[in-house]
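Each chain gets a letter, A, B and so on, in the order its sequence line appears, and its residues count up from 1.
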Amino acid sequence: MDILINALEQMFTPATAAFAIAAIGLNFHFGLTGLLNMGQAGFMLLGMYGYAISVREGLPMWAAILVAMGAAILFGLLLGWPTLKLRGDYLAIVTIAAAEIVRYVGRSNTLVEVTGGSLGIKGKDYKGPLEDLSPFPDERITVGPFTYHGSASDSWWLRVVAWVLVALFLLLFWRLSNSPWGRVLKGIREDEDAVRSLGKNVYWYKMQALIIGGVIGALGGVIWAHGSAVVADAMGRPTTFWVWTILLLGGAATVMGPVVGSVVFWAALSLIRAVAKAFIPESILPSTAIEPFGLMLVGIALILLVVFRPQGILGNKKELAFHA
Amino acid sequence: MFTRPDTRFYKAAGLLLIAAAAFVIATLVLGGGPAEAETVEPVAAGTSTATLVIQNVINGLAFGVLLALAAVGLSLIFGTTGLSNFAHGEQVTFGALLTFFLSTNEQVTIPLVPGSFTIGLPLWLAAIIAVIVSGFTGWLQDKMLWGPLRKRRVAVLQQMVVSIGLSLALLNLLQWWMGGTRHRLTNASGGRITFGNFYVGTLTLMSVVIAAIALAGVALFLLKTRLGRATRAISDNPALAAASGIRVDSIIRLVWVMSAALAGLGGILLALFDNGAGFDSGARILLLMFAAVTLGGLGQAFGALVGALVVGVVSEVSTVVIAPDMRYASALAILIIVLLVRPQGILGRKERVG
């Protein structure tokens, strides 16, 4: 019973919402436009740093959010400029390399004054403004089987904010993907040359998609940072791969796909861990091996998904997003 | 796309030398005076920057040769199948960890098998077995996964995401198997050979010689043997190669075996060079391998060598100016800059890649 409640709890954590938001961003890249952005974790990390450092240096909250978004816009421009004219796998390699550069620089000791090095930035330095806005009482609140603090850190307030943001971005994706602009992006995904021959500036459309998705990813990072802390190594390549698994699991190019994917992903991961801990004896699966065991299954799930059900849970096989 | 090193090669090499010289001079001018104490190797205080740069170039060249050996398989696979294999890093780790597994005197375990035991083979024998087993994993992968995917005509980008899943699965399997700590293949620290102000570790020198021999072997295979010629034909034009009677599928399987075996050997030598290997040591250099392969020109086997030398030298020499924990960042930055000005890579032929 505890295992099930735990899994249910995982479905609505701020981390689940943050990954759903990052996956919505990736849906703009890959689902709509067919761009292989392998650096979503870099966008998230930039958003986290942008927000946390601005707040620590005394900027108001709205300005910090603008800084986070601005960082993602710059990063998108910088990445898109050399690569959007090239073949898809070049973008993949450059984005993954750029995301790693962000991480290396963030955890480097040279900038320890600004980024906190490999220890990162502590929650109390930047969580204040959002927590001060909380209408909930400053104590632990129990609803049904769940108990969280009203407004501090991993709280009810953060859950409300995170899921409202998810809903807003879903609305944005739904509206934009059905707009003339979204149809051009889908056209680019299906046949770039055809769209170019209609006189559209394909390069610029791709750039817009890259930037919008990246900004959404950065805001997902800000949410994630409020649930835990700003640490560079938490946003490495595996994070990007999880976001991809989430998107492909839910269904690329669908509106609800990222959310369904994120909820299922985190609930399943928590179930696997709990079940493995409860039913497999220590001599066969020691407790240190449970984490890698669960993540190994994530990798296998990604392979099976891409091979056997590339459209994911909700997707439409006709709208396959993989085009060579 | 595989061609003998011709004038383009010399032109590229010349460009490279000029760039390296410019870089060295720039660091000398900008960063003159005694070096910071923050370098990887302990350097006596007051060592001049020039000495430091040259020592770093030596280290960088050694690292570059080893990186080239690990990366050449990535390039071969890209050349013949068009796949950017993100699971290549785990092949590199696997070679090193299997060698440790076979040669260590500590207790080792296998996942899901209770109990622990010691094998304790001599290092050279363990390394040979590890390379053979690595090659076998390449065969197995192609037989079980990549061959069927090619037969189903799964798009290359889709295969790339499959390789990402495979990399995630293998990385965590390796962590499960060997835990999170680093393992040393040998306790012998090995002396160092000093000449003037500079030095090379004997272990490093041995690794580099073995890697150079293996790379020469790959070059001979590609240029002189029938199979190598068939491999080059497939990278040039698979359909034409198939039409002229080359068995494309078995050649690609051979390429997978070679690639995995070379990655394994590269992993072992890198572990000797780097004083040990952990479950993520291959994943750490995966992007450097991609940088090397892309720099040289995707799919150009000789390009991987040139690219790896650039990456090795740049990442080591950059520690003179920036902090050592950012040295890989500089190599990746070079990758992005090169894509800006010369997307086909140093040795690549100019063609539309969009």
Under 4.5 Å from a heavy atom of chain A, the part of [X] involved:
X: B/Leu166; value: both
X: B/Arg153; value: neither
X: B/Phe86; value: side chain
X: B/Leu170; value: neither
X: B/Ala333; value: both
X: B/Val162; value: both

For A/Arg237, is it the side chain, the backbone, both, or neither that has a heavy atom closer than 4.5 Å to a heavy atom of chain B?
->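 Side chain of A/Arg237 only, per the 4.5 Å heavy-atom cut-off to chain B.
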Here the gap from B/Met160 atom CE to A/Leu36 atom CG, rounded to the nearest 0.5 Å, amounts to 4.5 Å
According to the side-chain hydrogen bond (donor to acceptor under 3.5 Å, both in side chains) rule, which pairs have a member within residues 291-310 of chain A, sequence neighbours left out?
-> A/Arg273-A/Glu291
Could you list the residues that satisfy ring pair (Phe, Tyr, Trp, His ring centres under 6.0 Å) with B/Trp146, not counting sequence neighbours?
-> B/Trp256
Closest heavy-atom pair and its distance - A/Tyr104, B/Arg284 = OH-O, 4.1 Å
Residue from A/Val298, A/Leu297, A/Leu295 passing side-chain contact (heavy atoms from CB on, under 4.5 Å) with B/Asn172 | A/Leu295
Of A/Leu248, A/Ile303, A/Leu305, A/Val307, which is the lone residue that meets side-chain contact (heavy atoms from CB on, under 4.5 Å) with B/Val161?
->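 Looking at A/Leu248, A/Ile303, A/Leu305, A/Val307, the match for B/Val161 under the side-chain contact (heavy atoms from CB on, under 4.5 Å) is A/Leu248.
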Counting distance only, does the side-chain N/O of B/Gln158 pair as donor-acceptor with the main-chain N or O of A/Val306 below 3.5 Å?
->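 Judged by distance alone, yes, a pair lies under 3.5 Å.
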